[in-house]
Amino acid sequence: MGGIVGFVFFTLISYLLIVLNVPILIIPISLLATIIGAKPLAKTVKQAKIMFNKQTILILVVFTLGIAGQMAIISPSGTYQNGNLVFWSAHGHDGAWHISLMEEIKRGWPFQNPVFAGEKLTNYHFFSDIVPAMVSKYLPVSNLNLYFRIFPFIYSLFLGASAYFLTKKITKSYSASVWATIFTYFAGSFGFVVTYLKNKTIGGESIFWASQPQSAGGNPPQIISDFLLLSSIYFILLLMQQKDRKIRRIVYAICVLFLGTIASFKIYAGVVLLGAMFIVGTWQLIKEKKLTLLILSIISGVLALILYLPNSSGSVSFLILEPWWYIRTMIVEPSRLNLLDWELRRQTYIYEHNWKRVVFLEGVGFLIFFFGNLGLRFVGLWDFIKSHHIIKITIALSLILPLLFLQKGVASNTSQFLQYFVLLFGILAGITTSKIVARFKFLIPFILLVMVPTQVGLLHEFYGLPNSSRPAFAKISSYELNALEYIKENTNKDAVLVTPPYNQYLNLGGITPNIWDWFDTAYVSAFSSRRTYFDDYEQVDIMGYDGKARLETKRIIFENERVDKVKDAFLLANANILYFPKVLKPKVDPEKIGLTKFFENQEIEVWKTN
């Protein structure tokens, strides 16, 4: 747990130093912290009595397989095949975005949106990219290795450790702790049942809407908020049990650190955890006449607002009321349950005012949603009632909020609340399972077998079968990488690039398409270390920016045939560089609008202002 404390503390200190424009001070601070912590760490290691018995070996096996499973989802991306940089699944999009954020953070304060040049970076959880950015800035480690391999390993280790130690704190049981860790790493939804019945395949990780922890490694804010939420609850329980005043003060400070920063890593985690803390604190005040948790929630809430509000836009509403949307879409969407007849019956019953049948259908829909998302974790219901108030209320909020609210921009973003619902139920399921298998050991193979399909389904979806592997989803060619590296080495760091507008109908074919033919991403910003005028429309939309005017400007630059209009549009973009693959070349020769050719190879042209 000390490693997680160090990670959060390092993130917060780095952020403050960046804001003060003295990020270089993180080096002496890190060295000083290492020197101060070396002696206590050595003492702890010396005192630790690690016995390589069956229990130790089992823990090592669980962690090794769990980390390997999560690494398998993300680590093959960001590697080279025949000189081309390749990506599987959504990692070409998400990885490019996070690497572009790392490059933006390395520039210093104030942060701009790297794919919407000239605008402040708002409404995004960039805290997850601060530590990788600082490591990249001061150590000779590539962004690709940091994002796709090194930090996913660390995050996965932290996730398993937080699950293990939280359960150990709750139960004092080795068996329950191991089972909780197993559920955290391996348990999935019952989506595989649906896909098997539909088409005899194993998959459906998020068919009931909640993404499972197996895929969290590909979403840094999500996996960080997962282990932060578990760690926060661990330290809250430790605070309530601790009698020694000196230790209590230290634990209290850690609680403030975790609770105060978690919203900056992931706002959904901050909402459910701080909300639960306030409710539990109010209950403690009423029942026990104590202010400990209420004051903690208020202090942490103030810190959370101080960190979050300056980087959010007041013009963007966070939530909109839309009850039961997830259950409706789960039932009718062809990619999910595809039970259109169910919805037609519901509407008929509403028209007939047959409310008993309406309530019945809605109730069954909720049960499918509830148990489908939980998968085998539903056994945790046995220990839910007996769990601590902070766990019960956090679970309740994580379930209730998405059933009531959507998010503007991308409505389904509030489904991310559900990930804390399944995460905490995994802890409870581990506790319950340890009791079940203590009496019925023959159930162990069955329990493990029911967990496997989600992991297997994800690997099959990403990479195919061993004898028929799936090619990478997208690539950045070696020629394009050379062009981006040339821009990085030979342009001013404040240069702004204009790139071609994304054309979803282009589809030039090929086993692995070029990334610009696959989807609209931040790859140009990520690998040139420069801001772009407007890219990655999906991310821009999620963050609440209005990109319509900029998209029209890009279309004029590349698709209009009048020199005067193209020239005016490029001036309006306030850009320095025009970048494009040759197959997407603008209709007007860039030389006619006053640009000079800056770089050219077999695939790419780059032009700059004079």
Side-chain angles (χ1 to χ4, degrees), residues 65-78 87-98 125 128 147-149 151-160 162-163 181-192 194-195 201-230 265-266 268-269 326 330 335-336 372-377 398 402 410 412-426 450-464 470 472-474 519 538:
L65 293 177
I67 293 171
Q70 289 196 322
M71 293 286 287
I73 299 300
I74 185 172
S75 294
S77 292
F87 307 93
W88 279 265
S89 187
H91 298 311
H93 174 270
D94 297 349
W97 167 244
H98 283 284
H125 320 98
S128 63
Y147 178 81
F148 288 106
R149 284 164 282 280
F151 277 96
F153 173 84
I154 294 171
Y155 297 154
S156 186
L157 176 63
F158 284 169
L159 178 62
S162 60
T181 308
I182 291 172
F183 269 91
T184 299
Y185 276 134
F186 301 107
S189 72
F190 281 140
F192 69 91
V194 177
T195 58
T201 60
I202 300 298
E205 177 224 7
S206 58
I207 207 165
F208 300 103
W209 273 112
S211 295
Q212 303 295 315
Q214 288 91 338
S215 61
N219 185 342
Q222 185 60 55
I223 193 168
I224 292 172
S225 68
D226 283 348
F227 67 70
L228 268 186
L229 184 133
L230 297 179
F265 285 102
K266 194 76 172 176
Y268 304 105
Y326 286 103
M330 174 196 72
S335 61
R336 300 187 187 277
N373 279 311
L374 286 182
L376 196 59
R377 300 182 192 90
S398 301
V410 177
S412 61
N413 263 7
T414 50
S415 67
Q416 294 175 69
F417 279 123
L418 294 168
Q419 294 175 20
Y420 311 112
F421 163 67
V422 300
L423 180 71
L424 287 174
F425 250 103
V450 175
M451 289 185 182
V452 170
T454 295
Q455 185 75 52
V456 172
L458 280 171
L459 294 175
H460 175 259
E461 177 187 341
F462 288 5
Y463 310 116
R470 179 171 184 170
F473 287 34
F519 198 65
E538 182 179 82

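In this structure, the side-chain contact (heavy atoms from CB on, under 4.5 Å) partners of Ala269, at least two apart in sequence or on a different chain, are Ser225, Ile262, Lys266, Tyr420. Under the rule for a side-chain contact (heavy atoms from CB on, under 4.5 Å), the partners of Phe519 that lie at least two apart in sequence or sit in another chain are His93, Tyr502, Thr521, Tyr537, Glu538. The side-chain hydrogen bond (donor to acceptor under 3.5 Å, both in side chains) search around Ser412 returns none, not counting sequence neighbours. Partners of Phe192 by ring-ring contact (aromatic ring centres under 6.0 Å, His included), not counting sequence neighbours: none found. Residues passing the ring-ring contact (aromatic ring centres under 6.0 Å, His included) test with Phe186: none are found, sequence neighbours excluded. For Tyr326, the ring-ring contact (aromatic ring centres under 6.0 Å, His included) partners two or more places apart in sequence, or in a different chain, are Trp209. Partners of Ala474 according to the side-chain contact (heavy atoms from CB on, under 4.5 Å) rule, which considers only residues two or more places apart in sequence or in another chain, are Ile515, Trp518. Here Gln419 pairs with Gln222 under the side-chain hydrogen bond (donor to acceptor under 3.5 Å, both in side chains) rule; sequence neighbours left out. Not a single ring-ring contact (aromatic ring centres under 6.0 Å, His included) links Phe190 to another residue, sequence neighbours left out. Looking at residues two or more places apart in sequence or on another chain, you find no side-chain hydrogen bond (donor to acceptor under 3.5 Å, both in side chains) involving Ser162. Partners of His125 by side-chain hydrogen bond (donor to acceptor under 3.5 Å, both in side chains), not counting sequence neighbours: none found.
Side-chain contact between Phe208 and Leu418 is absent, with no heavy atoms from C-beta onward closer than 4.5 Å. Between Asp94 and Tyr147 there is a side-chain heavy-atom pair separated by less than 4.5 Å. Within the 4.5 Å cutoff, the side chain of His98 has no heavy atoms near those of the Phe151 side chain.
A distance of 13.5 Å separates CG of Leu229 from CD1 of Ile224, quoted to the nearest 0.5 Å. In this structure, CG on Asn413 lies 4.0 Å from OH on Tyr268, to the nearest 0.5 angstrom. A distance of 8.5 Å separates CD1 in Ile154 from CG in Leu157, rounded to the nearest 0.5 Å. From Leu65, atom CG reaches atom OG1 of Thr181 across 12.5 Å, with rounding to the nearest 0.5 Å. Note: Phe183 CZ to Leu374 CG = 10.5 Å, rounded to the nearest 0.5 Å.
Closest of all the heavy-atom pairs between Phe462 and Arg470 is O-CD, 3.7 Å. Closest approach of Leu228 to Phe265, counting heavy atoms only: CD1-CD1, 3.4 Å. Nearest approach of Pro402 to Thr414, heavy atoms of both residues: CB-O, 3.5 Å. Pairing each heavy atom of Leu230 with each of Leu424, the nearest pair is CD2-CD2, 3.7 Å. Contact record, Gly204 with Ser189: O-OG, 3.4 Å, taken as the closest heavy-atom pair. Across Ala210 and Val422, no two heavy atoms sit closer than the pair CB-CG1, 4.3 Å.
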Verdict with reasoning, His460 to Ile202, per side chain to side chain contact (heavy atoms under 4.5 Å, CB included) | CA-CA 8 Å; His460 175 259; Ile202 300 298; over 6 Å; no
Are Ser206 and Gln212 close enough, and set up right, to give a side chain to side chain contact (heavy atoms under 4.5 Å, CB included), and what steps lead you there?
-> CA-CA 7 Å; Ser206 58; Gln212 303 295 315; over 6 Å; no
Run the side chain to side chain contact (heavy atoms under 4.5 Å, CB included) check on Leu458 and Ser215 step by step: do they pass?
-> CA-CA 8 Å; Leu458 280 171; Ser215 61; 4.2 Å; yes
Can you give me every donor-acceptor pair (side chain of residues 66-75, partner residue at least two apart or in another chain, under 3.5 Å) with its distance?
residue	atom	partner	partner atom	Å
Gln70	OE1	Ser156	OG	2.6
Gln70	NE2	Pro213	O	2.7
Ser75	OG	Met71	O	3.2
Ser75	OG	Phe148	O	2.9

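Under the 30°/60° scheme for interplanar angles, the aromatic rings of Phe425 and Phe421 are found to stand perpendicular.
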